[in-house]
Amino acid sequence: MSRIRIVVFGLVQGVGFRYHTCQQALALGLTGYVKNLPDRTVEIVADGSDEQLQSLITWAEEGPPTAHVDRIEKQDLMSINTFDTFTVEF
């Protein structure tokens, strides 16, 4: 089990990005959360297998059709606790 943090830059707030990320992550069997950050980026923290996480990264590089992703930054994290599911944080 691995954990990653993805920060998504671009037109990613107010376009359903969190909702679609949550749906994608649940479909992939990931746990974690997605939330908007004050600087207009979106943060994704997810736990799963390397293959599952790579699928989420690939999806996040495009996002939903209503978004415009300029770039993402990915960081590997230590998994010090576990999530029960994947949620949208506010």
Side-chain angles (χ1 to χ4, degrees):
M1 184 74 70
S2 298
R3 176 174 289 179
I4 59 168
R5 177 179 185 255
I6 304 168
V7 178
V8 187
F9 296 81
L11 178 58
V12 293
Q13 289 193 16
V15 294
F17 199 97
R18 289 178 300 162
Y19 170 80
H20 289 285
T21 300
C22 187
Q23 295 304 307
Q24 184 69 23
L26 289 170
L28 290 169
L30 297 168
T31 59
Y33 67 87
V34 58
K35 72 177 181 178
N36 288 341
L37 297 178
D39 64 358
R40 310 283 301 155
T41 60
V42 171
E43 176 186 53
I44 305 166
V45 175
D47 288 348
S49 71
D50 291 341
E51 183 178 288
Q52 290 169 305
L53 294 172
Q54 185 56 54
S55 293
L56 183 64
I57 292 166
T58 300
W59 181 86
E61 290 173 333
E62 296 292 322
T66 53
H68 177 79
V69 176
D70 291 332
R71 65 185 170 91
I72 68 168
E73 292 180 359
K74 182 187 88 68
Q75 176 184 16
D76 294 322
L77 299 176
M78 295 285 295
S79 185
I80 56 173
N81 59 352
T82 58
F83 300 105
D84 293 328
T85 189
F86 199 93
T87 61
V88 175
E89 301 262 320
F90 296 94

ask   = Which atom names give the shortest non-hydrogen contact between Ser55 and Leu28, and what distance separates them?
value = CB-CD2, 3.8 Å
Gln13 and its side chain to side chain contact (heavy atoms under 4.5 Å, CB included) partner, picked from Asp39, Asn36, Val8 = Asn36
key: Single-linkage hydrophobic cluster Val45~Ile6, side-chain heavy atoms < 4.5 angstrom   = no
note = Rounded to the nearest 0.5 angstrom, the OG1-NZ distance for Thr41 and Lys35 is 10.0 Å
inquiry  = Nearest 0.5 Å, please: how far is CG in Leu56 from CD in Glu51?
reply    = 13.0 Å
query = How far apart are the C-alpha atoms of Asp50 and Gln54, what are their side-chain angles, what is the distance that settles it, and do they pass the side chain to side chain contact (heavy atoms under 4.5 Å, CB included) test?
reply = CA-CA 6 Å; Asp50 291 341; Gln54 185 56 54; over 6 Å; no
What side-chain donor-acceptor pairs closer than 3.5 Å can you find for residues 75-90, not counting sequence neighbours?
{"unit_1": "Asp76", "atom_1": "OD1", "unit_2": "Lys74", "atom_2": "NZ", "d": "2.9"}
{"unit_1": "Ser79", "atom_1": "OG", "unit_2": "Asn81", "atom_2": "O", "d": "3.4"}
{"unit_1": "Asn81", "atom_1": "OD1", "unit_2": "Arg3", "atom_2": "NH1", "d": "3.0"}
{"unit_1": "Asn81", "atom_1": "OD1", "unit_2": "Arg3", "atom_2": "NH2", "d": "3.2"}
{"unit_1": "Thr87", "atom_1": "OG1", "unit_2": "Glu89", "atom_2": "OE2", "d": "3.4"}

ask   = OG1 of Thr21 to CD of Glu43: how many Å apart, nearest 0.5 Å?
value = 12.0 Å
ask   = Same cluster or not: are Leu11 and Trp59 linked, directly or through other Ile, Leu, Val, Met, Phe, Trp or Tyr residues, by side-chain heavy atoms under 4.5 angstrom apart?
value = yes
query = With the 4.5 Å side-chain cut-off for hydrophobic clustering, are Leu30 and Tyr33 part of the same group?
reply = no
message = Once rounded to the nearest 0.5 Å, what's the spacing between atom CD of Gln24 and atom OG1 of Thr58?
response = 10.0 Å
message = Nearest 0.5 angstrom please: Ile4 CD1 to Ile44 CD1, how far?
response = 7.5 Å
remark   = Grouping ILVMFWY residues whenever side-chain heavy atoms fall under 4.5 Å, the cluster of Val7 otherwise contains Phe9
query = Is there a path of hydrophobic side-chain contacts, each under 4.5 Å between heavy atoms of I, L, V, M, F, W or Y residues, that connects Tyr19 with Phe17?
reply = no
Would you tabulate the side-chain donor-acceptor contacts of residues 61-70 under 3.5 Å, counting partners in other chains and residues two or more places apart, or write 'none'?
{"unit_1": "Thr66", "atom_1": "OG1", "unit_2": "Val15", "atom_2": "O", "d": "2.4"}
{"unit_1": "His68", "atom_1": "NE2", "unit_2": "Asp70", "atom_2": "OD1", "d": "3.1"}

